[in-house]
Amino acid sequence: MAIHLTPTELARETGLERRDVIAKCMEMGVPIFQGRIDKTLFLASLEDLSGVHGTRAEATA
């Protein structure tokens with residue numbers, strides 16, 4: 001199983017659009033090195049981002 005994927009490959013695995021994967025990388029600070037993204041780092045950052053937004057939404061409600 002590959003760990004470093006292109007945005008297209010990562011989009012296919014996560015169910016996102018390619019442009020959304022790139023936008024999320026920019027938002028979360030996940031590096032794209034030589035056209036590849038660390039899948040583990042991307043998924044962990046995505047979970048953290050979802051958890052942070054969920055906590056903020058609950059705190060304001």
How many angstroms lie between atom CG of Leu46 and atom CG of Leu16, to the nearest 0.5 angstrom? 7.0 Å

Should Val30 and Lys24 count as side-chain neighbours, where that means a heavy-atom distance under 4.5 Å? no

Excluding sequence neighbours, so at least two apart, what forms side-chain hydrogen bond (donor to acceptor under 3.5 Å, both in side chains) with Glu17? none

Which residues pass the salt bridge (charged side-chain N to carboxylate O under 4.0 Å, His left out) test with Arg36, sequence neighbours left out? Glu9

Tested for side-chain contact (heavy atoms from CB on, under 4.5 Å) against His4, the lone hit among Thr40, Asp38, Ile37 is Asp38

How would you list, by chain and number, every residue that makes a side chain to side chain contact (heavy atoms under 4.5 Å, CB included) with Glu13, sequence neighbours excluded? Leu5, Lys39

Got a second to check how far Leu41's CG is from Asp48's CG, nearest 0.5 Å? 9.5 Å

Might you point out which heavy atoms bring Pro7 and Gly35 nearest each other, and give the distance in Å? CD-O, 3.5 Å

